[in-house]
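First the structure, then my questions, so here it is.
For clarity, every value in this text was computed on a predicted model and none was experimentally measured.
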Amino acid sequence: STAYPIANPGELNELSILPSVNLVFKVKESEATPMNLRLNFSQTVARPSIRELSDVALFDYEFRTFVFGNSDLKVVNINNYDLRLENYFKNGDDISFSAFRKDFKNHIELINGGGISWQNVDNSYLYGIELEGKKKITTKLDFRANITLVKSQTKYVRTRLEIDGGVKNYIPLDEVTRTMYGQSPYVINAILNFTADSIGFNATVSYNVQGARLVIVSEIPQLPDIYELPRNTIDVKVSKKLGKHFIVAFTIKDLLNTPVRRSFKTEEDEFSKDYDKFRYGSSYGLSLSYRL
């Protein structure tokens with residue numbers, strides 16, 4: 001037997017027919033203050049990347065180990081269901097409430113089975129609600145925000161990968177039910193925007209935080225899964241027109257330089273030990289652009 005699989009070429013040769021249906025019910029017909037109820041159903045796909053499909057091992061400096069591709073990966077099929085109620089006001093404010101559900105077949109996850117790789121899981125789903133709105137504080141200053149709450153679940157048979165003569169064999173171990181890979185239980189975004197058109201000036205401060213999300217799935221029952229913990233980020237952008245065509249802009253990304261912390265999750269739902277912890281660092285940019 002060999003320790004590595006034969007580097008088979010990955011192949012995607014699949015025709016996807018993706019229907020979509022949208023319905024809009026006008027709860028309140030008004031040009032100035034409309035209220036609409038929107039219903040949507042659509043089918044979408046997510047295709048594995050070339051890196052994920054490549055049956056080769058490359059050293060990953062973030063995980064500090066080799067990451068293996070998987071030529072057996074399938075296309076992800078997703079059914080999307082959305083219900084949205086939106087209301088607009090005369091002063092330019094708006095508010096909306098949404099409920100949604102997504103059903104996944106062959107969702108792709110990053111797994112640790114003695115080596116890090118990608119795999120499909122048969123069935124996953126998520127559902128949730130979102131509240132979104134815009135509030136004009138003054139004629140030049142407005143505030144936008146959205147809050148999303150999500151419940152997700154994946155149910156699949158955990159396997160052990162064995163390689164015999166370069167051929168991959170998946171040995172069933174047990175059935176696992178857990179949260180969906182990559183999905184946060186909540187997401188909060190907020191933007192404070194100041195615009196002075198008379199002098200061509202704009203300033204924006206944005207904030208984002210997401211709940212703990214599963215980033216590496218353990219295929220070994222004795223090892224816990226790894227989650228990325230919530231991280232508060234603030235970005236700033238200031239721009240100013242110079243004459244009719246030039247715009248100068250200054251940006252700061254990750255102003256707080258918040259650390260990325262990934263931790264093992266224990267059976268008591270606690271994050272008691274870190275897998276790793278690092279910072280990307282704040283970045284600063286100055287640009288000059290010309291518009292016709």
Look at Asp93 together with Lys136 and state whether they make a salt bridge at an N to O cut-off of under 4.0 Å.
-> no
Heavy-atom closest contact (Val150 atom, Ser184 atom, distance) = CB-O, 3.7 Å
Rounding to 0.5 Å, atoms CG (Asn120) and CD (Glu109) come to a distance of 9.0 Å
Does the side chain to side chain contact (heavy atoms under 4.5 Å, CB included) test come out yes or no for His107 and Tyr156, once each step is laid out?
-> CA-CA 11 Å; His107 184 235; Tyr156 73 108; over 6 Å; no
When hydrophobic residues are tied together by side-chain contacts of less than 4.5 Å, even through go-betweens, does Phe97 share a cluster with Ile188?
-> yes
Is Lys273 close to Pro224 at the side-chain level, that is, under 4.5 Å between some pair of heavy atoms?
-> no
Under the criterion side chain to side chain contact (heavy atoms under 4.5 Å, CB included), which of Thr148, Asn189, Ile147, Asn146 is the partner of Glu132?
-> Asn146
Taking it one step at a time, do Lys140 and Thr195 satisfy side chain to side chain contact (heavy atoms under 4.5 Å, CB included)?
-> CA-CA 5 Å; Lys140 296 181 174 61; Thr195 302; 5.7 Å; no
Among side-chain atoms of Ser152 and Gln183, is any donor-acceptor pair under 3.5 angstrom?
-> no
Side chain Arg279, main chain Asn257, donor-acceptor under 3.5 Å = yes
Between the side chain of Thr258 and the main-chain N/O of Asn232, is any donor-acceptor distance below 3.5 Å?
-> yes
Does a donor on one side chain sit under 3.5 Å from an acceptor on the other, for Asp94 and Ser96?
-> no
So, Asn80 and Asn40: side-chain donor and acceptor under 3.5 Å apart, yes or no?
-> no
State plainly whether the residues Arg101 and Asp103 are in salt-bridge range, i.e. N to O under 4.0 Å.
-> yes
Which is it for Arg144 and Asp142 under the salt bridge (charged side-chain N to carboxylate O under 4.0 Å, His left out) test, yes or no, and what are the steps along the way?
-> CA-CA 7 Å; Arg144 303 169 186 262; Asp142 62 73; 3.6 Å; yes
Between Asp55 and Ser71, the two heavy atoms sitting closest are OD2-OG, 2.6 Å
Do Phe143 and Val187 sit in the same hydrophobic cluster, where Ile, Leu, Val, Met, Phe, Trp and Tyr count as joined when their side-chain heavy atoms come under 4.5 Å apart?
-> no
Pairwise distance CD(Gln119) to CD1(Ile108) - rounded to 0.5 angstrom = 10.5 Å
Do Leu37 and Tyr88 share a hydrophobic cluster, counting only Ile, Leu, Val, Met, Phe, Trp and Tyr and linking them when any side-chain heavy atoms are less than 4.5 Å apart?
-> no
When rounded to the nearest 0.5 angstrom, what distance separates CZ in Phe89 from NZ in Lys134?
-> 12.5 Å
Proximity of Phe66 and Phe68 rings by center, below 6.0 Å = no
Reported CG-to-CG distance for the pair Asn208 and Asp254, which is rounded to 0.5 angstrom = 10.5 Å
How about Phe104 and Leu126: do any of their side-chain heavy atoms sit closer than 4.5 Å?
-> yes
CZ/Arg47: more than 12 non-hydrogen atoms of other groups inside 6.0 Å = no
Working for side chain to side chain contact (heavy atoms under 4.5 Å, CB included), residues Thr65 and Ile116 = CA-CA 8 Å; Thr65 188; Ile116 296 180; 3.7 Å; yes
Smallest heavy-atom separation, Leu255 atom then Ser282 atom, equals O-OG, 3.4 Å
Any ion pair linking Asp235 and Lys237 (charged N to carboxylate O, less than 4.0 Å)?
-> no
Whether Phe41 and Tyr81 hold their rings parallel, tilted or perpendicular, with breakpoints at 30° and 60° = tilted
Aromatic ring pairing Tyr280/Phe278, orientation class (parallel under 30°, perpendicular over 60°, tilted between) | perpendicular
What distance separates Lys240 NZ from Ile199 CD1, expressed to the nearest 0.5 Å?
-> 6.0 Å
Would you kindly confirm whether Val215 and Val260 end up in one hydrophobic cluster when ILVMFWY residues are joined by side chain heavy atoms under 4.5 Å apart?
-> no
Any side-chain donor paired with an acceptor under 3.5 Å for Ser20 and Ser42?
-> no
Looking only at heavy atoms, the pair that brings Tyr186 and Pro230 closest together is OH-CG, 3.7 Å
Do the side chains of Asn22 and Arg38 get nearer than 4.5 Å, heavy atoms only?
-> no
Report yes if the side chains of Val45 and Glu14 come closer than 4.5 Å at any heavy-atom pair, otherwise no.
-> no
Same cluster (ILVMFWY, side-chain, under 4.5 Å), Met35 and Phe25 = yes
Do the non-hydrogen side-chain atoms of Val217 and Arg178 ever get within less than 4.5 Å of each other?
-> yes
What heavy-atom pair brings Leu214 and Tyr181 nearest, and what distance separates the two atoms?
-> O-CD1, 3.5 Å
Please check if the side chain of Lys241 supplies one atom and the backbone of Asp197 the other of a donor-acceptor pair under 3.5 Å.
-> no
Evaluate the side chain to side chain contact (heavy atoms under 4.5 Å, CB included) criterion for residues Tyr227 and Thr179: first the C-alpha distance (whole Å), next the side-chain angles of each, then the deciding distance (0.1 Å), finally the verdict.
-> CA-CA 11 Å; Tyr227 285 73; Thr179 187; 3.2 Å; yes
Side-chain heavy atoms of Ile95 within contact of Leu131, under 4.5 Å | yes
Tell me, do Asn123 and Lys155 make a side-chain contact under 4.5 Å, heavy atoms counted?
-> no
Just by modelled atom types, is the Lys105 backbone N or O under 3.5 Å from a matching donor or acceptor in the Asn77 side chain?
-> no
Tell me, with the steps shown, if Asp225 and Lys265 meet salt bridge (charged side-chain N to carboxylate O under 4.0 Å, His left out).
-> CA-CA 6 Å; Asp225 296 329; Lys265 190 173 186 180; over 6 Å; no
Using atom types as modelled and distance alone, determine if a side-chain donor or acceptor of Ser218 lies under 3.5 Å from a backbone N or O of Leu223.
-> yes
pair Leu286-Val248: side-chain heavy atoms closer than 4.5 Å | yes
Do other residues, nucleotides or ligands put more than 12 heavy atoms under 6.0 Å from Ile50 CD1?
-> no
Evaluation steps, side-chain hydrogen bond (donor to acceptor under 3.5 Å, both in side chains), between Thr204 and Asn193 | CA-CA 4 Å; Thr204 301; Asn193 183 71; 2.7 Å; yes
State whether a side-chain donor-acceptor pair under 3.5 Å links Ser263 with Asp274.
-> yes
The reported gap from CG in Leu110 to CD1 in Ile226 (rounded to nearest 0.5 angstrom) is 9.5 Å
